[in-house]
Amino acid sequence: MCGITGWASFHHDARPQTRVIEAMTATLAPRGPDAGGVWLGEHAAIGHRRLAVIDLEGGAQPMPDRPGAPTTVLSYSGEVYNHHELRAELRGRGHDFRTRSDTEVVLRAYAEWGEDLAEHLDGMFAFAVWDERAQRLLLVRDRLGVKPLFWAAVDGGLAFASEPKALFAHPELRPRVDADGLREAYSLLFNTGPTVWSGVREVEPGGLLVLDRDGIRERRYWQLEIGRHTDDREATVERVGQLVGAAARSQLEADVPLCSLMSGGIDSTVLTALLADELRLREGPDARIRSYAVDYSDQAEQFTGDVLRTGHDTPYATEAGAFIGTDHSTVVLDPRSLLDLEHRRAVVVARDSPIGVGDMDTSLYLLFGEIRRHSTVALSGEAADEVFGGYPWFHNLKALNAGTFPWLLVTGDEAAMPLNPELGLRIGEFCADTYRSALAEVPHLDDETPAEHRQREMQYLSLTRWLRQLLHRKDRLSMAQGLEVRVPYCDHRLVEYAFATPWDLKSFDGREKSLLRAAGAGLAPDSVLYRPKNHYPATHHPDYNRGLQMMARDALADDQVRAIADETRIKPCLDTPADRLEWGHRLRLERVVDLALWLDHHKPELAV
């Protein structure tokens, strides 16, 4: 896992601009704490920061296809899990290898297949290839968008980076936010392509971009499609088990310490059990995988359920660790660490965005920091809810019948930070237009019922929008701590199979994630397998609420914050007794604090 950046321009000679590419690359140092490098040619500059995971000695980047006078140069972030198979195939096609890294496999795959190489890769990745002979830049992003990749136009070409902060180290690019950017950020619709930053775009998940002297061309090499599902229930459960198991096993390779995130829910517990079994097969019966969960110092005494949480995670995670036989640890955080201004600022800097989920972001950042003391790679159960229908909106008639994105109904307007009406953003119209466009993308079968198609819409929206912001969050906060997080449930073969599976098979036992529960039978305690869906934990301590209210008051003293936020609708949240502050109102305060930190650090030009 790494950070990539650079630019290509046909109007300027890049070779004298070493300081620029070094400055861009330096902004990504947390993503790659082990090494860094740059390469400059006449019309391209490429930078790389490395977190060494596979072939620690041989995977240095930017990687040229040959020393001296390269014809292609690669800057690559991520992991290609089928690199052993591809290496064998490419050797059979006459390619020689200097290293055993998956990076070189990607480089040789480009030499063999050109821009079609993406279709041969299984994994999570974002990379740039500069082709010196063709004078062409290729940007590629993995199918589900696990790894980020941003770009912006510069004179005669474009600049690219794993994070927008690297783009703003380029002399032609400045952090600027207009009304469109605020709509993108605060509508919570999670569009891909446009960002909060004016002129900065994402390469689409499953997409690639080509820049040459003819201009910029973008296309998708993968997207969600629907095929005929012919397996019965027994065969479907068996196939799901095979796909989940294969994804887990393929992602266990690393030349550095590896662990699992295990919250005590079905997703992470089943995954951890598969990893533990595979590790014992490879290393012997005494091998134990490390597993980690997060908790708060007040949780056992202060826990109260809310719209997203039904129970305390720690007892379930502890039981699952004993059942599987992991080396399990619970990282316990207190309100002071969550309120620490430097921790919160680090989170906002990592995100490059004012939009987050407050203490849940800070706690995840701190959890990753603790894990990084012992491990370099962690595996996570992210995406199982989207793949197997785990969220409440799959099962709630109000959500199914609503004419909007289902997650907007979870807490209603109370969780969204109210924006200053003088901005005239017309969020409601923007949301309605975006929703219609999103539904128009959903594939369908001619003979499917309206109820079946509605469930497919819900899954499509969850996989193509909701999941993307979760993946952004996990990538940014883990990489800010120099930790690689892998997500086996994002394996595209599993996603494709589950997406084509009819809803009655996904919910055959009358509740969420029926297929995963059946496929995971025997891998986790029944208490975990049959536990209701529980979201990432949040602290319930009144001291945290009081501290947050104080921070929000300070934030509202800033003129720029008040220019964006509707102060009159936030003040009631400030005056609510700390022990009665509802989660939705608290999230409103979290976003005011994050907005102030974002404005202070990034100092964007506000063109609204």
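Checked against salt bridge (charged side-chain N to carboxylate O under 4.0 Å, His left out), Arg288 has no partners two or more places apart in sequence or in another chain. Partners of Arg373 by salt bridge (charged side-chain N to carboxylate O under 4.0 Å, His left out), not counting sequence neighbours, listed by chain and number: Glu370. Under the side-chain hydrogen bond (donor to acceptor under 3.5 Å, both in side chains) criterion, Tyr435 pairs with Arg454, not counting sequence neighbours. With sequence neighbours excluded, no residue forms a ring pair (Phe, Tyr, Trp, His ring centres under 6.0 Å) with Tyr544. Annotation: side-chain hydrogen bond (donor to acceptor under 3.5 Å, both in side chains) contacts of Arg473 (sequence neighbours excluded): Asp361. Applying the side-chain hydrogen bond (donor to acceptor under 3.5 Å, both in side chains) test to Asp327 and every residue at least two apart in sequence or in another chain returns nothing. In terms of the side chain to side chain contact (heavy atoms under 4.5 Å, CB included) criterion, residue partners of Thr103 (sequence neighbours excluded) are, by chain and number, Gln61, Met63, Leu74, Tyr76, Ser101. Residues passing the side chain to side chain contact (heavy atoms under 4.5 Å, CB included) test with Val154 are Ala159, His170, Glu172, Leu173, sequence neighbours excluded. Evaluation of the side-chain hydrogen bond (donor to acceptor under 3.5 Å, both in side chains) rule for Thr314 yields Asp295 as partners, not counting sequence neighbours. In this structure, the side chain to side chain contact (heavy atoms under 4.5 Å, CB included) partners of Ala596, at least two apart in sequence or on a different chain, are Ala555, Val561.
Looking at Leu139 and Leu158, their side chains come closer than 4.5 Å, going by heavy atoms from C-beta outward. Side-chain contact between Ser162 and Cys2: absent, with no pair of heavy atoms (C-beta onward) separated by less than 4.5 Å.
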Could you pull out every donor-acceptor pair under 3.5 Å between side chains of residues 418-430 and any protein atom, sequence neighbours left out?
{"from": "Asn420", "atom 1": "OD1", "to": "Glu422", "atom 2": "N", "distance (Å)": "2.9"}
{"from": "Asn420", "atom 1": "ND2", "to": "Arg562", "atom 2": "O", "distance (Å)": "3.3"}
{"from": "Asn420", "atom 1": "ND2", "to": "Ala563", "atom 2": "O", "distance (Å)": "3.4"}
{"from": "Arg426", "atom 1": "NE", "to": "Glu429", "atom 2": "OE1", "distance (Å)": "3.3"}
{"from": "Arg426", "atom 1": "NE", "to": "Glu429", "atom 2": "OE2", "distance (Å)": "3.2"}
{"from": "Arg426", "atom 1": "NH2", "to": "Glu429", "atom 2": "OE1", "distance (Å)": "2.8"}

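No salt bridge links Asp475 with Arg468; every basic N to acidic carboxylate O contact stays at or beyond 4.0 Å. With respect to the salt-bridge test (charged N to carboxylate O, under 4.0 angstrom), the residues Arg174 and Glu605 do not qualify. A salt bridge does not link Arg19 to Glu22: none of the charged nitrogens lies less than 4.0 Å from a carboxylate oxygen.
A donor-acceptor contact under 3.5 angstrom links the side chains of Ser363 and Tyr536, judged on distance only. Side chains of Tyr391 and Glu386: a donor on one and an acceptor on the other come within 3.5 Å.
Contact detail for Ala552 and Leu574: the closest heavy-atom pair is CB-CD2, 3.6 Å.
Ring geometry for His602 versus Trp598: interplanar angle of 30 to 60°, hence tilted.
For the pair Arg531 and Tyr316, the cation sits on the ring face: its NZ or CZ lies under 6.0 Å from the ring centre, inside 45° of the axis.
Ile564 pairs with exactly one of Val177, Leu606, Asp558 by the side-chain contact (heavy atoms from CB on, under 4.5 Å) rule, that one being Leu606.
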(request) Would you please test Asp142 and Lys147 for salt bridge (Lys or Arg N to Asp or Glu O under 4.0 Å) and show each step? (result) CA-CA 7 Å; Asp142 66 70; Lys147 303 316 298 175; over 6 Å; no
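A ring-centre distance under 6.0 Å is found for Trp197 and Phe168.
Within the structure, every pair that satisfies the salt bridge (charged side-chain N to carboxylate O under 4.0 Å, His left out) test and touches residues 540-552, not counting sequence neighbours, is listed here: Asp543-Arg546.
Counting non-hydrogen atoms of other residues, nucleotides and ligands closer than 6.0 Å to NZ of Lys603 gives a total above 12.
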